Every structure is written in structure tokens, then in C-alpha cells.
Amino acid sequence: MSDIPFNAPELAGRELEYVAGSMASGHTSSGGPFSKRAGALLQEATGAEEVLLTTSCTSALELSAMLLDLGPEDTVIVPSFTFTSSALAFARQGARILFCDIEPRTLGIDPDHLAELLDDTVRAVVVVHYAGVSCDMDGVRRALADRPDVVVVEDAAHGLYGGYRGEPLGGLGRFASLSFHETKNFVCGEGGALLLNDRADVDRARVLYDKGTDRQAFFLGQVDKYSWRDTGSSFGLSDTLAAYLLGQLEEAESIQARRRAVWEGYAEALAGPAERLGLRLPVVPEGCAPAYHLFYVLLPDAELRPGVMATMREQGVATTFHYVTLHDSLGGRRFAARPTECPVSSDISTRLVRLPFFNTLSASDVERVAETLVRAVQAAG
Ligand SMILES: Cc1ncc(COP(=O)(O)O)c(C=O)c1O
């Protein structure tokens, strides 16, 4: 029996043909024809006013942080249970971070803790749709009802093609970032996008995106030469990588259907054992349409995790844990505005195990992973 890897990116459609086409065309830098086509598909999926393809989700978050013109008196609220980039992008623009706990159902930001943290220094809130399931956006909106000045930044690295009460993930914040890193649903090696959901941000974002110049306006025929205007950096994704991405995005329906089958296969196979063994499976609240990014289980006890993962590895099944909490990390403490308590994040972070999850994972392998997990939990308990 061969081993089951944790992740296995696939060529789903015309990626190689498009990459060759890009290289042959001579336009391999950003903003070429493949970027336009990939951007149009993302715009269609999310309803964004503008899509800027970036070198990563991290750089898309950095661009959103630059657009906010943050200073040392400003704070940004970020969940403790997320990837470093969700906080780092704002910290390196000079803001201080207020780490917020997550709520145990969706593992997204906890609106009650968010409401407690809100003070006059807060300029933005970063929300994450963990595993592709929307966080409690109604709760977030309620918490921010009296603070229309606070900008919602969606870190939608897991969320593309997911939805919340009929709205697409990536369309819920003023800014949203996507990731096309090799571990995501749609990949191009390293890549991302900044979605702008407010028309008012588009012109300045184009300048910051292109080394602080109005070169995008020049290409659009709006100015007759371009020059340095503002802060910025070199955020653009190579058109060759956009070609790879386009090949993937064109197969969105098939990719998402196959990932949904993997997700539902795990949920079905583990429902019974979960109850018996005290495992918790992902919860999809009413009104949430998952993006099927990853599947996790929460073990009843953190102490079981090393043994469960080791047994599964011995049985040829690769698993991983996920985020290490930010609020009590070295960097988190350095960039925090003040210490905050995030007990749910700390608890979840130590009990979570991610199962193999990729487009080509067969139904029989899903079953094998589920059986291996059940045996490993029984052996550890
Ligand atoms: C929630 C979240 N945000 C941002 C990132 C960073 O994405 P990238 O590697 O595209 O910069 C990740 C990476 O996995 C992530 O999980």
C-alpha cells in the first residue's frame, strides 16, 4: 500500500500550454494577457471592483496595510489563530496588533472578544475564514455597527469560491486577500491577489501596486507618461505564473466538486467514530457555503496529538497540525499593542490535526485515512 501524502498539487487543465504560451509571447512580467484573464475570472467569482494579482497573499495583505497609511498610534485587530502574515503585514507598516480570540464553532474571530478590544486606536480588523468556512460575519458586523471607520480586511487565503449568506467570501471586506500558494485550492507555486471592494481605493491601489508610479494609468491611456507618485512596492505576479493560475481557475468547477467530495467523505466516515471517541469535526453554520480548503479534527485532549500523528505516519498517512497561536509568540508579543488573552485559540491550536486533502485524493484513500485516524485515536487513548 503506498503512502498517502498530505498534499499533492495537480495539473488540472491547460496550465502547461498557457505557461509555454506566456514564455513564447515574450510578456512574462506582470499585467500581461494571462493576468487579465485570470483576474477576470476572480472578479466574476467575487464581485470585486478590481483584482490585483500579487506575488503572494502576504504581499496582498501588505498592499492593503499600505493603503491604510497606518502609524504607531494605530492598532489592527487580528485573530491569534491564523498565519503570521495576517498580523505581520500590518505590523511592518508600523501598526500595533491587538490579538483577538476565535470562537470554537468556525475557528474564526470571536465577535464578543472583538467588541471588547475595540477602542479609539483601532483602524482595521482582519478576519479569516478558516478552512474555507466563513467566520461569523453577522457578529463582526454587529460588533462594528458603531464604528464605520474601522476597515474590515478579509484574509480569504482559504476562502475562494466559498460564501456567506449568498455573498462570496472575498467580497465581504473593503479589502480581501487570496493565496495561490501550492497548498491552496488553486495554485501557481507562489501567488495571491488583492481584491478591492470599494471603487474609491482603486486608483491609489494601482499606484502602490506598481512601485509607487502611475504606470497602470499610463497603460490605460489615462496619462501620457508615468512617474513616481506615492509609496508602494513591486507587487505584481509574473504573467507566466498567472498563466499557470488561469489553467487552474478555468477548472474551478471540477476542482471544487472533487474537494467537496473529499470533505464530505471525511465528514461521513468520521461522524459515528467522532461521537464515540470525542473528536470534533468542522462545523458549517447555516448560511455558510464552504470553500473546501482543508479538513481537520479536534482531538479530545492535546496530549493525544503527538501519538496520533506518529501512528498515522507509521501507517503511511501524513497529517499536520496548523497555526501556532500568535498572541503568545515571540513576534506577537513584540508587535502587540498590549497583551491579550486568547484561551480558545490556545486550546484549539494544540488539539487540531489536519488530514490529507487534495483534488485527486480517492474515495478509498479518504476511507483509509479515516480508519487510520480512528485506530490511532483508539491506540492513543
Ligand atoms: C490565513 C492565511 N493567510 C495568509 C497566508 C499566506 O499566504 P501566502 O503564502 O500566499 O503568502 C496563509 C498561508 O497559508 C494563510 O493560511
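Quantities reported herein were computed from a predicted structural model and do not represent experimental measurements. Both counts, for ligands and for their atoms, begin at 1 and track the order of listing.
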Does S179 reach ligand 1 with a nitrogen or oxygen that is under 3.5 Å from one of the ligand's nitrogen or oxygen atoms?
-> yes

Ring centre gap for Y164 and H129 strictly below 6.0 Å | no

Nearest protein heavy-atom contact for atom 16 (O) of ligand 1: which residue, which atom, what distance?
-> Y323 OH, 2.6 Å

Check: of E190, K184, E182, min heavy-atom distance to atom 14 (O) of ligand 1 comes from K184

Is the closest side-chain donor-acceptor distance between R368 and T372 under 3.5 Å?
-> no

Measure centre to centre between the rings of F180 and Y244, then say whether the value is under 6.0 Å.
-> no

Check whether any N or O atom of H158, backbone or side chain, sits under 3.5 Å from an N or O atom of ligand 1, and answer yes or no.
-> yes

Tell me which protein heavy atom sits closest to atom 5 (C) of ligand 1, plus the residue, atom name and distance to 0.1 Å.
-> F83 CD2, 3.5 Å

Interfacing atoms of ligand 1 (cut-off 4.0 Å, heavy-atom, S56) | 10 (O), 11 (O)

What do you reckon, does C57 have a nitrogen or oxygen under 3.5 Å from a nitrogen or oxygen of ligand 1?
-> yes

Give a yes or no answer on whether the side chain of D230 reaches the backbone of R204 with a donor-acceptor pair at less than 3.5 Å.
-> no

Check F81 against ligand 1 and report side chain, backbone, both or neither, counting heavy atoms closer than 4.0 Å.
-> neither

Take R206 and D210 through the test salt bridge (Lys or Arg N to Asp or Glu O under 4.0 Å) and record every step on the way to the result.
-> CA-CA 6 Å; R206 285 181 180 154; D210 213 341; over 6 Å; no

List the closest protein heavy-atom neighbour of atom 11 (O) of ligand 1: residue, atom name, distance to the nearest 0.1 Å.
-> T58 OG1, 2.5 Å

Please answer whether the main-chain N or O of V152 pairs with a side-chain N or O of R174 as donor and acceptor at a distance below 3.5 Å.
-> no

Would you tell me which option among L178, T183, T55, D155 has the nearest heavy-atom contact to atom 2 (C) of ligand 1?
-> D155

Would you check whether G191 reaches within less than 4.0 Å of ligand 1, judged by its heavy atoms?
-> yes

Numbered atoms of ligand 1 (with element) below 4.0 Å of T82, judged on heavy atoms = 1 (C)

G13 backbone acceptor or donor facing E15 side chain under 3.5 Å = yes

Residues R338, D119: salt bridge by 4.0 Å N-O rule | yes

